[in-house]
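Count residues from 1 along the sequence.
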Amino acid sequence: QVQLVESGGGLVQTGGSLRLSCAASGRTFSTLAMGWFRQAPGKEREFVSRISRSGGSISYADSVKGRFTISRDNAKNTVYLQMNSLKPEDTAIYYCAASRAIYGGTAVRSWDYWGQGTQVTVSS
C-alpha cells in the first residue's frame, strides 16, 4: 500500500507563490507516476498536473499552464508543485495522487492512491 502525505499549503495573497510537497512511501517511488489534483468547494476534483515515472513526461491543465511547475525527486521519494502567480480561483484542497501506470491520466479514476489533501487559499 502506498501512503502519500502532502504539505506546503496555506494562505497567500493574489500573485503570491506556494510550493506543495508530497512524500510517498510503501512502494519504490520510481515505479509510480505522480500527479496533483484539486477540489474547490462545491466542485468536482479536477486534474492539475502529472509527471511520469522518470520525470521525462509532464502535462498541465490549461488553467495552470505557465504558472505551476511539477517536479519529482526520486531519491527523496517526493513530488513537488511550485505554484506562482496564484489567483483566487486556485483556492482548493490540493491532492497528491500516484499511479502504477507509467504516466497516469487526467481522470480521477486513472489514479490508484491518494493523499489526504492540503488546503490552498488565495485571497484577493
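Residue Ala33 comes nearest to Gly104 through the heavy atom pair CB-N, 3.8 Å, listed as atom of the first residue, atom of the second, then distance. The minimum heavy-atom distance between Thr118 and Leu20, with the atom names listed, is CG2-CD2, 4.0 Å. Contact between Leu18 and Gly8 at its shortest, heavy atoms only, is CD2-O, 3.8 Å. Across Thr78 and Ala23, no two heavy atoms sit closer than the pair OG1-CA, 4.2 Å. Of all the heavy atoms in Asn77 and Asn74, the pair that sits closest is OD1-O, 3.3 Å. Counting all heavy atoms, side chain and backbone alike, Phe37 lies closest to Thr106 at CE2-O, 3.6 Å.
At least one donor-acceptor pair under 3.5 Å links the side chain of Gln3 to the backbone N or O of Gln1. Judged by distance alone, the side chain of Glu6 and the main-chain N or O of Cys96 form a donor-acceptor pair under 3.5 Å. A distance-only check finds a donor-acceptor pair linking the side chain of Ser99 to the backbone of Ala101 [under 3.5 Å].
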Practice problem: Begin with the C-alpha distance, continue with both residues' side-chain angles, and end with the deciding distance and a verdict on side-chain contact (heavy atoms from CB on, under 4.5 Å) for Arg72 and Tyr80. | Solution: CA-CA 6 Å; Arg72 65 187 295 160; Tyr80 305 96; 5.9 Å; no

Self-check item: Step-by-step side-chain contact (heavy atoms from CB on, under 4.5 Å) determination, Ser71 to Gln82
Solution: CA-CA 8 Å; Ser71 62; Gln82 177 67 44; over 6 Å; no

Quiz item: Does the pair Asp90 and Arg67 meet the rule for a side-chain contact (heavy atoms from CB on, under 4.5 Å), with working shown?
Solution: CA-CA 11 Å; Asp90 294 318; Arg67 301 187 297 122; 2.7 Å; yes

Quiz item: Hey, mind stepping through Arg100 and Arg27 against side-chain contact (heavy atoms from CB on, under 4.5 Å) and telling me if it holds?
Solution: CA-CA 10 Å; Arg100 297 187 297 269; Arg27 184 182 172 101; 3.7 Å; yes

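Taking CZ from Arg50 and OG from Ser57, the interatomic distance works out to 8.0 Å, rounded to the nearest 0.5 Å. Atoms CE and OG, on Met83 and Ser49 in that order, are 11.5 Å from each other to the nearest 0.5 Å. Going from atom OG of Ser63 over to atom CD of Glu46 covers 5.5 Å, rounded to the nearest 0.5 Å. The distance from atom OG1 of Thr14 to atom CD of Glu89, rounded to the nearest 0.5 Å, is 8.0 Å. Atoms CZ and CE, on Phe29 and Met34 in that order, are 4.5 Å from each other to the nearest 0.5 Å. Here the CD1 atom belonging to Ile51 is positioned 4.0 Å from the CD1 atom belonging to Ile58, to the nearest 0.5 angstrom.
Hydrophobic clustering of Ile, Leu, Val, Met, Phe, Trp and Tyr side chains at less than 4.5 Å, counting indirect connections, keeps Leu4 apart from Ile93. Val2 and Trp114 are not part of a single hydrophobic cluster, where members link through side-chain heavy atoms under 4.5 Å apart. Tyr60 and Val79 end up in the same hydrophobic cluster when Ile, Leu, Val, Met, Phe, Trp and Tyr side chains are linked at under 4.5 Å. A continuous path of Ile, Leu, Val, Met, Phe, Trp and Tyr side chains, each step under 4.5 Å between heavy atoms, connects Trp111 with Val108, placing both in one hydrophobic cluster.
Ring-centre distance between Trp36 and Phe47: not below the 6.0 Å cut-off.
With a 6.0 Å cutoff to the six-membered ring centre and a 45° limit on the axis angle, Arg53 does not count as a cation-pi contact of Tyr103. The cationic atom of Arg38 (NZ for Lys, CZ for Arg) does not lie both less than 6.0 Å from the six-membered ring centre of Tyr95 and within 45° of the ring axis.
When the shell of 6.0 Å around CG of Leu11 is examined, it contains more than 12 heavy atoms from other residues, nucleotides or ligands. Under a cut-off of 6.0 angstrom, the local environment of NZ in Lys65 is crowded, with over 12 non-hydrogen atoms contributed by other residues, nucleotides or ligands.
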